[in-house]
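One structure below.
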Amino acid sequence: MYEPKPEHKFTFGLWTVGNVGRDPFGDAVREKLDPVYVVHKLAELGVYGINLHDEDLIPRGTPPAERDRIVRRFRKALEETGLKVPMVTANLFSDPAFKDGAFTSPDPWVRAYALRKSLETMDLGAELGAEIYVVWPGREGAEVEATGKSRRVWGWVREALNFMAAYAEDQGYGYRFALEPKPNEPRGDIYFATVGSFLAFIYTLDQPERFGLNPEFAHETMAGLNFVHAVAQVLDAGKLFHIDLNDQRMSRFDQDLRFGSENLKAAFFLVDLLESSGYQGPRHFDAHALRTEDEEGVWAFARGCMRTYLIFKEKAQAFREDPEVRSLLEEYYGEDPQALGLLGPYSRERATALKEVALPLEAKRRRGYALERLDQLVVEHLLGVRG
Ligand code: GLT
Ligand code: MN
Ligand code: MN
């Protein structure tokens, strides 16, 4: 039970299980793991795929012959294990050249470097069979407002994304681009702070159909926003191209905690939403083991993310099938056909009927919605005393 299998589509980033535990105050606490070793370990755990930044696999400045050797060796590990690389992304944040932005650097040479690095990462991803390309604008932000840059950045990012989509088309790459918002860190404020911000931006691009979202649990939660609502809106727009699962306490630095380790209810409703939505994409854990852990702790962390997801999946099903939950929900939506007939697309007749009908307002003012009972049932399902 709760054994992860490739069909569950669980993925990890090379940078997640490979995280060496460095933080702004402390040095690395774990050895860097060989990517080929990570592929074998993840395959043993029942993982579907491994995602990467260009630099996670190929250190910056690697000469071309050495690059090709690294790629060949990595591909061999993928073939041996059956692990996929569903997603790639360019690291546009580590190089000191990106200190004041990549696509939004005021320096056009830096913007050109960011664009070239993105094209090269698309080439690499194509060699590895990746279909999703994530753009995380970590350095695209500011601490100083006086530059007036916030008036220009939208145009620069739009031009870069249009260029990348056109390059993908020209090369015959089938990429779908998944844009990942975050409110702050490493910049004081990041442009594209929330899901809503990136969602609106997509429709200003040349090929909006190629662009969607990669929402991350921790990022909306840092801003005190409701991640389940954000993902529901993205699903409604048909734009959930990828998802970063982890956990986070509000108003803190980006903790990237083990999935389901902090906000049990939010994680439960997220799994409930994803599993009933028809979303077929990867369930990617963009999280890492605590800095207290050795390598054994890293694999315990990875197993924990997947096991918790599968437990929530089972709990969500039991909750939805609970007869008391069903009857409370039936009551909740109060589907009176007379009222429903008043709603829907505009017509002159409907507008007239709406103005003439006697609304049962006194009863509606007194109505209770039984949400205390419904929410108690959630708690009891989660605590394992029901279902
Ligand atoms: C970085 C960041 C993540 C992004 C990754 C993609 S890198 O670890 O914290 O949220 O998803 O570039
Ligand atoms: Mn992420
Ligand atoms: Mn994060």
Side-chain angles (χ1 to χ4, degrees), residues 10-24 51-53 56 87 89 91-94 132 134-141 178-199 212-235 239-274 279 281-293 297-298 301-302 304-306 308-309 312:
F10 291 132
T11 64
F12 286 86
L14 203 42
W15 71 94
T16 64
V17 284
N19 183 287
V20 294
R22 202 175 286 118
D23 74 15
N51 302 319
L52 49 94
H53 297 90
D56 299 337
M87 174 279 249
T89 178
N91 180 328
L92 300 182
F93 44 91
S94 293
I132 301 161
V134 162
V135 177
W136 175 59
R139 291 275 171 211
E140 319 297 6
L179 312 176
E180 180 178 348
K182 186 173 182 182
N184 58 273
E185 194 199 2
R187 298 311 296 265
D189 292 288
I190 296 179
Y191 311 118
F192 308 105
T194 61
V195 159
S197 157
F198 250 146
L199 197 52
L213 267 284
N214 177 37
E216 174 170 319
F217 192 115
H219 297 176
E220 301 298 298
T221 307
M222 282 167 76
L225 298 174
N226 183 319
F227 188 61
V228 180
H229 293 186
V231 174
Q233 189 186 5
V234 173
L235 282 164
K239 289 297 190 187
L240 191 67
F241 284 14
H242 197 261
I243 189 161
D244 278 2
L245 303 171
N246 52 19
D247 214 332
Q248 172 76 28
R249 289 174 70 177
M250 194 178 114
S251 300
R252 301 196 174 201
F253 64 96
D254 186 18
Q255 295 176 298
D256 290 336
L257 298 168
R258 189 178 77 256
F259 179 66
S261 60
E262 273 293 332
N263 299 283
L264 290 182
K265 260 189 187 174
F268 167 71
F269 284 113
L270 180 65
V271 173
D272 179 41
L273 174 67
L274 280 181
Y279 172 71
R283 275 80 171 151
H284 176 238
F285 297 105
D286 187 12
H288 50 76
L290 298 168
R291 193 163 180 271
T292 51
E293 301 308 288
V298 170
F301 144 84
C305 286
M306 297 187 283
T308 301
Y309 188 101
F312 278 136

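For clarity, every value in this text was computed on a predicted model and none was experimentally measured. Just the heavy atoms: all of them, side chains too, but no hydrogens, waters or symmetry mates, feed the values below.
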Smallest separation among heavy atoms of [X] and [Y], with atom names:
| X | Y | answer |
| --- | --- | --- |
| Ala232 | Leu273 | N-CD2, 3.7 Å |
| Pro215 | Pro181 | CA-CD, 4.5 Å |
| Gln248 | Arg252 | NE2-O, 3.6 Å |
| Phe12 | Cys305 | CZ-CB, 4.3 Å |
| Pro183 | Ala223 | CG-CB, 4.0 Å |
| Pro137 | Ile190 | O-CG2, 3.4 Å |

- Task: Decide yes or no on side-chain contact (heavy atoms from CB on, under 4.5 Å) for Thr308 and Val271, but give the supporting numbers first.
- Result: CA-CA 10 Å; Thr308 301; Val271 173; over 6 Å; no
Any residue meeting side-chain contact (heavy atoms from CB on, under 4.5 Å) with [X], in chain and number order, not counting sequence neighbours:
| X | answer |
| --- | --- |
| Glu180 | Val134, Trp136, Asn214, Glu216, His219, Asp244, Asp286 |
| Glu293 | Arg30, Ala289, Leu290 |
| Asp247 | Phe217, Leu257, Ser261, Glu262, Asn263 |

- Message: For Thr221, give me all partners under side-chain hydrogen bond (donor to acceptor under 3.5 Å, both in side chains), at least two apart in sequence or on another chain.
- Response: none
- Task: Not counting sequence neighbours, which residues clear side-chain hydrogen bond (donor to acceptor under 3.5 Å, both in side chains) with Ser94? List them please.
- Result: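 Residues passing side-chain hydrogen bond (donor to acceptor under 3.5 Å, both in side chains) with Ser94: Asn91.
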- Message: Within this structure, what is the CG-CD1 distance for the pair Leu213 and Ile243, rounded to the nearest 0.5 Å?
- Response: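 So the CG of Leu213 and the CD1 of Ile243 are separated by 10.0 Å.
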- Just jot down the salt bridge (Lys or Arg N to Asp or Glu O under 4.0 Å) partners of Asp256, sequence neighbours excluded, or say none. none
- Does Arg283 have any salt bridge (Lys or Arg N to Asp or Glu O under 4.0 Å) partners at least two apart in sequence or in another chain, and if so, which?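 With sequence neighbours excluded, Arg283 shows a salt bridge (Lys or Arg N to Asp or Glu O under 4.0 Å) to Glu275, given in chain and number order.
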Measuring only between side-chain heavy atoms, which start at C-beta, is [X] closer than 4.5 Å to [Y]?
| X | Y | result |
| --- | --- | --- |
| Leu199 | Gln233 | yes |
| Phe259 | Phe312 | yes |
| Val195 | Val231 | no |
| Pro186 | Arg139 | yes |
| Asp254 | Met222 | yes |
| Thr89 | Asn51 | no |

- For residues 185-195, pull every pair meeting salt bridge (Lys or Arg N to Asp or Glu O under 4.0 Å), keeping only residues two or more places apart or in separate chains.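 Found Asp100-Arg187, Glu143-Arg187, Lys182-Glu185.
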- Task: Give the C-alpha distance, both sets of side-chain angles, the deciding distance and a yes or no for ring pair (Phe, Tyr, Trp, His ring centres under 6.0 Å) between Phe269 and His229.
- Result: CA-CA 10 Å; Phe269 284 113; His229 293 186; 9.9 Å; no
- Report the C-alpha separation of Asp23 and Phe253 in whole Å, then their side-chain angles, then the decisive distance to 0.1 Å, and conclude whether the side-chain contact (heavy atoms from CB on, under 4.5 Å) test is met. CA-CA 11 Å; Asp23 74 15; Phe253 64 96; over 6 Å; no
- Report the residues that fulfil ring pair (Phe, Tyr, Trp, His ring centres under 6.0 Å) with His284, sequence neighbours left out, ordered by chain and then residue number.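 Counting only residues at least two positions away or on another chain, His284 forms a ring pair (Phe, Tyr, Trp, His ring centres under 6.0 Å) with Trp15, His242.
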- Residues forming a ring pair (Phe, Tyr, Trp, His ring centres under 6.0 Å) with Phe192, sequence neighbours excluded: Trp154, Phe198, Phe201
- Item | Sidechain-backbone polar pair: Arg291 side chain, Gly21 backbone, donor-acceptor under 3.5 Å | yes
- Query: Would you find a donor on one side and an acceptor on the other, under 3.5 Å apart, between the side chain of Asp56 and the backbone of His53?
  - Reply: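 Yes, Asp56 side chain to His53 backbone: donor-acceptor pair under 3.5 Å.
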- Please work out whether the ring planes of Phe10 and Phe285 are parallel, tilted or perpendicular, with thresholds of 30° and 60°. tilted
